[in-house]
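Please read the structure below before turning to the comments.
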Amino acid sequence: MADRALKIAIVAGEESGDLLGADIVRSLKQATGREVQLVGLGGRHLQALGLVSPFDAGEIALMGFSAILRDLPRLMRRIGQLAKTIAGEKPDCLVTIDSPDFSLRVARKVRAANPSIPIIHYVCPSVWAWRPGRAVAMKPYVDHILCILPFEVKELERLGGPPGTYVGHRLTHDAGVLSAAKAQDLPRDLASPDRVKTVLVLPGSRRGEVRRLLEPFGETVSMLHARGHRLRLLLPTVPHVADLVRSSVTRWDEKPEIILDPQRKWQAFGKADAALIASGTVSLELALAGVPMVSCYRLDPVARVVAPYLLSVWSALLPNLIADRALVPEFYNEYVKSNNLARQLEALFADSGMRAWQKQGFAEIARRMATDKPSGEIAAGVVLRHIKKAP
């Protein structure tokens, strides 16, 4: 057994989940000295480590109730297809990563088909924010949850969910984040009214997000110009939405520099005076890098109707939740307006109280999220413990 390759099944549909999965695989190889054979579903990072996906992982990277309802028949077919493949492969462990509406359905079917396979879910579903009943519902088919936010282990216990381990967040040890944070700590001239302000524009990694936000973001750029600001716009994005981004910014008064290279993305983070973003994981990247920001989101039409009845959390933004105070301003739906966004960004361009408030809060977040080891190593340790306990 010790000489054969580990067989690990992974289900990761999002870019962020794909990165987490790749971290675990590399850490498993390092910890055991064994090869890791991969089955399941993943993106470019897991594919580079040998995973052959049965279909494009981007098919499950859907955002919003409308998109999920529209594609539900196809998603259900993919869930059944993937669960059957994984159960038949009899892996040493199944690791499902984020995308809970898809990946946890796969986990449930795998458990029914082969109860001997340990199942670990990476990234705790936001049971503390909405649909808390999901916590106890996971217990029959999820053996352990790898949590990336400090408060989630206690929340799972409070809600009767599976046991959890805080593994930290991969970003706290990411070389790109650390280099950007170091650049952000360098002195910069914030007093000159004529200086060129470097603004990060981050409209999200899903097509729906990009479509709903790039128009008001462009209007915000126009308003900042009208109010006398000279800007340099940097827009890091991911390959699967790059064409949509390029076509959407053609009408902007000033065209942003579109960045696809990950290393150049972190360089942009280091140079930025402020960021205008779609609410999501990128908010934590920016907080750990020390970049002041303004956050926005526009829900799809169905989500706008049901969200007020489902949400139970005071903020939708990770830095605010981790700090337990309102560090970053958030604008949603009809409040995503250039009048609001331009004035908020102006307050971050200067050496203002708002800028200092965010910077101090971001430093506290980095301290709260610190771990002795990278998250991938801690997560791999949990996976190995469950493999050893398996019958």
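Note that the structure is predicted; figures quoted are calculated from it, not measured.
Placement of L284 and I148 within a single hydrophobic cluster is found when ILVMFWY residues are connected by side-chain heavy-atom separations under 4.5 Å, directly or transitively. A continuous path of Ile, Leu, Val, Met, Phe, Trp and Tyr side chains, each step under 4.5 Å between heavy atoms, connects I145 with V383, placing both in one hydrophobic cluster. One hydrophobic cluster, built from ILVMFWY side chains closer than 4.5 Å, cannot hold both L276 and L200; they sit in different ones. Taken together through direct or relayed side-chain contacts under 4.5 Å among Ile, Leu, Val, Met, Phe, Trp and Tyr, V294 and L231 form part of one hydrophobic cluster. If you chain together hydrophobic residues whose side chains sit under 4.5 Å apart, V36 and V382 fall into the same group.
R188 contributes a side-chain N or O that, together with a main-chain N or O of A272, makes up a donor-acceptor pair within less than 3.5 Å. D18 places no side-chain N or O within 3.5 Å of a backbone atom of G13 that could act as its donor or acceptor partner. Under the 3.5 Å distance criterion, the side-chain polar atoms of R227 are left unmatched by any main-chain donor or acceptor of E346. Formation of a donor-acceptor pair under 3.5 Å by the T165 side chain with backbone atoms of V167 is not found in this model. A donor-acceptor pair is defined here as one N or O able to donate and one able to accept, closer than 3.5 Å; such a pair exists between the side chain of R34 and the backbone of R4. The backbone N or O of L244 sits less than 3.5 Å from a side-chain atom of S248, completing a donor-acceptor pair. Here the side chain of S27 pairs no donor or acceptor atom with the backbone of A380 at under 3.5 angstrom. For R232 (side chain) and K197 (main-chain N/O), no donor-acceptor pair under 3.5 Å exists by modelled atom type. The closest donor-acceptor contact from the side chain of S352 to the backbone of R355 lies under 3.5 Å. Within the 3.5 Å criterion, the main-chain N or O of R206 finds a donor-acceptor partner in the side chain of E209.
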Below 3.5 Å, can you tabulate the donor-acceptor pairs from side chains in residues 260-271 to any protein atom, sequence neighbours excluded?
from: D261; atom 1: OD2; to: Q263; atom 2: N; distance (Å): 3.2
from: D261; atom 1: OD2; to: R264; atom 2: N; distance (Å): 3.0
from: R264; atom 1: NH2; to: E257; atom 2: OE2; distance (Å): 2.1
from: K265; atom 1: NZ; to: E285; atom 2: OE1; distance (Å): 2.9
from: K265; atom 1: NZ; to: E285; atom 2: OE2; distance (Å): 3.4

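Here ring-ring contact (aromatic ring centres under 6.0 Å, His included) pairs that include residues 132-190, with residues two or more places apart or in two chains, are W128-F151, H144-H386. Sequence neighbours left out, the pairs with a member in residues 170-183 that pass salt bridge (charged side-chain N to carboxylate O under 4.0 Å, His left out) are D23-R170, R170-D174. Applying the ring-ring contact (aromatic ring centres under 6.0 Å, His included) definition to pairs two or more places apart or across chains, none involves residues 89-110. Listed by first and then second residue, the salt bridge (charged side-chain N to carboxylate O under 4.0 Å, His left out) pairs that reach into residues 148-157 are E155-R158, sequence neighbours excluded.
Contact of the Y122 side chain with the S375 side chain is registered, since non-hydrogen atoms from C-beta on lie closer than 4.5 Å. When side chains are defined from C-beta on, L213 does not count as touching I277, because their heavy atoms never get closer than 4.5 Å. V11 places none of its side-chain heavy atoms less than 4.5 Å from the side chain of I97. The shortest distance between side-chain heavy atoms of L202 and L235 does not fall below 4.5 Å. Residues R105 and P100 fail the side-chain proximity criterion, which asks for heavy atoms closer than 4.5 Å.
Other residues, nucleotides and ligands place no more than 12 heavy atoms under 6.0 Å from the OH atom of Y335. Shown here is R251, whose CZ atom has no more than 12 heavy atoms of other residues, nucleotides or ligands within 6.0 Å.
At a threshold of 4.0 Å, the pair R195-D273 counts as salt-bridged, since one of the basic side-chain nitrogens sits closer than that to a carboxylate oxygen. Between D324 and R368, no side-chain nitrogen of the basic residue sits less than 4.0 Å from a carboxylate oxygen of the acidic one, so the salt-bridge criterion is not met. For the pair E219 and K337, the salt-bridge criterion is not met [side-chain N within less than 4.0 Å of a carboxylate O]. Between D101 and R134 there is no salt bridge, since none of the side-chain N atoms of the basic residue sits less than 4.0 Å from a carboxylate O of the acidic one.
Atom CD of Q358 sits about 9.5 Å away from atom CD1 of I365, to the nearest 0.5 Å.
Residues forming a side-chain contact (heavy atoms from CB on, under 4.5 Å) with E35 (at least two apart in sequence, or on another chain): A5, K29.
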